[in-house]
*Asks:* 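Just dropping this structure here.
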Amino acid sequence: MSSTEPHRHGEATGRKAGIVIASTRAAAGVYEDLTGPVIVDWLTEHGFETFPALVVPDGEPVGAALRALLTQHPAVIITSGGTGLSPTDATPEQTLPLLDREIPGIMEGLRSAGTAKTPTAMLSRGHAGAAGSTFIVNLPGSPKGVMDGLGVLDPIIGHLCDQLEGSHGH
């Protein structure tokens, strides 16, 4: 399903979304975060109202940022970074305790799509699931990896939010 034009989705209009960037170096100002703007643009294109992206160091600050965002009851929280195998990559460990229900098919789809482009995508340890009516997904820390992941979410995000809010239109 490829198209040369970006498509607009009205189904998320009015829904809020949060973004957490897990990067110790970006949080310290060593370099500029490049994934947050990609995620903001995608969410905005899909009709979400985004909270400012939170750029935090790896580890416990990721969990604190997720918990803070959850108090605002967004429909979606997308994280980027901290999903690999380095000793400081702890986004999955910070995310999993907050999920009421995992949605493994989403991560299977994300890893499959990513692995088709780069074998290292299979090393991502991210999670996807629901915390109450909020969908949380862990994307990789690279702009290309984020774009690939958003491409997987593109056709399902509206329906996913509808279902988590209790609307079961099929």
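Note that the numbering runs from 1 along the sequence shown for the chain. Note that this is a predicted model, so its numbers are computed, not measured.
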*Asks:* Could you go through the side-chain contact (heavy atoms from CB on, under 4.5 Å) check for Ile78 and Phe135 one step at a time?
*Replies:* CA-CA 8 Å; Ile78 298 176; Phe135 170 63; 5.8 Å; no

*Asks:* Do Phe48 and Val76 come within less than 4.5 Å of each other through their side chains, counting heavy atoms only?
*Replies:*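 Result yes, sub-4.5 Å side-chain heavy-atom pair found.
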
*Asks:* What is the minimum heavy-atom distance between Ala121 and Arg111, and which atoms define it?
*Replies:*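 Smallest interatomic distance, heavy atoms only, reads O-CG, 3.9 Å.
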
*Asks:* Under a plain distance cut-off of 3.5 Å, with no hydrogens placed, do Asp89 and Ser86 share a side-chain donor-acceptor pair?
*Replies:*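 Result is yes, a qualifying pair exists.
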
*Asks:* Start with the C-alpha gap between Thr91 and Asn138, add the side-chain angles, then the distance that decides, and say whether side chain to side chain donor-acceptor pair (under 3.5 Å) holds.
*Replies:* CA-CA 7 Å; Thr91 299; Asn138 301 147; 5.8 Å; no

*Asks:* Please examine the side chains of Leu54 and Ile21, heavy atoms only from C-beta on, and report whether any two atoms are closer than 4.5 Å.
*Replies:*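 No, their side chains stay 4.5 Å or more apart.
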
*Asks:* Roughly how far apart are Arg15 CZ and Leu164 CG, rounded to 0.5 Å?
*Replies:*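 These two atoms lie 9.0 Å from each other.
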
*Asks:* Measure the shortest side-chain to side-chain distance between Thr120 and Thr115 over non-hydrogen atoms and say whether it is less than 4.5 angstrom.
*Replies:*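 No, too far: nothing below the 4.5 Å cut-off.
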
*Asks:* Find out whether Ile77 and Ile19 are in side-chain contact, i.e. whether some heavy atom of one side chain is under 4.5 Å from a heavy atom of the other.
*Replies:*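 Result no, sub-4.5 Å side-chain heavy-atom pair not found.
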
*Asks:* Between atom CE of Met122 and atom OG of Ser112, what is the distance when rounded to the nearest 0.5 Å?
*Replies:*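 Here the interatomic distance stands at 10.0 Å.
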
*Asks:* How close do Ile136 and Ala131 get, counting heavy atoms only, and between which atoms?
*Replies:*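 Taking Ile136 first and Ala131 second, the nearest heavy atoms are CD1-CB, 3.9 Å.
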
*Asks:* So among Val55, Ile39, Val56, which one has a side chain to side chain contact (heavy atoms under 4.5 Å, CB included) with Val20?
*Replies:*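 Considering Val55, Ile39, Val56, a side chain to side chain contact (heavy atoms under 4.5 Å, CB included) with Val20 is found only for Val56.
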
*Asks:* For Glu32 and Arg25, what are the C-alpha separation, side-chain angles and deciding distance, and is it a salt bridge (charged side-chain N to carboxylate O under 4.0 Å, His left out)?
*Replies:* CA-CA 9 Å; Glu32 182 182 351; Arg25 289 178 294 170; over 6 Å; no

*Asks:* Given the rule that I, L, V, M, F, W and Y join up when any side-chain heavy atoms are under 4.5 Å apart, are Leu110 and Leu123 in one cluster?
*Replies:*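 Different hydrophobic clusters.
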
*Asks:* Identify the heavy atoms of Pro140 and Ser80 that sit nearest to each other, and give their distance.
*Replies:*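 Looking at all heavy atoms of both residues, the closest pair is O-OG, 2.7 Å.
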
*Asks:* Looking only at non-hydrogen atoms, find the nearest pair between Cys161 and Ala75 and report the distance.
*Replies:*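 Heavy atoms only, the tightest pair is SG-CB, 4.1 Å.
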
*Asks:* First locate atom NE2 of His46, then atom CG of Leu153, and finally report the distance between them rounded to the nearest 0.5 Å.
*Replies:*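 Taking NE2 in His46 and CG in Leu153, the distance rounds to 9.0 Å.
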
*Asks:* Which heavy-atom pair separates Ala27 from Pro57 by the least distance, and what is that distance?
*Replies:*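 Looking at all heavy atoms of both residues, the closest pair is CB-N, 3.6 Å.
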
*Asks:* From Leu98 CG over to Thr134 OG1, what is the distance, rounded to the nearest 0.5 angstrom?
*Replies:*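 Here the interatomic distance stands at 10.5 Å.
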
*Asks:* Heavy-atom distance under 4.5 Å between the side chains of Ser133 and His73, does that happen here?
*Replies:*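 No, side chains not in contact.
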
*Asks:* Do Thr35 and Leu139 come within less than 4.5 Å of each other through their side chains, counting heavy atoms only?
*Replies:*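 Result no, sub-4.5 Å side-chain heavy-atom pair not found.
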
*Asks:* Would you say Tyr31 and Ser23 make side-chain contact, with heavy atoms under 4.5 Å?
*Replies:*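 They are in contact (side-chain heavy atoms under 4.5 Å apart), so the answer is yes.
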
*Asks:* Looking at every non-hydrogen atom in both residues, tell me the closest pair between Thr83 and Ser124 and how far apart they are.
*Replies:*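 Closest heavy-atom pair between Thr83 and Ser124: OG1-OG, 3.5 Å.
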
*Asks:* Report yes if some heavy atom in the side chain of Val137 is under 4.5 Å from a heavy atom in the side chain of His127; otherwise report no.
*Replies:*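 Counting from C-beta outward, Val137 and His127 never come under 4.5 Å.
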
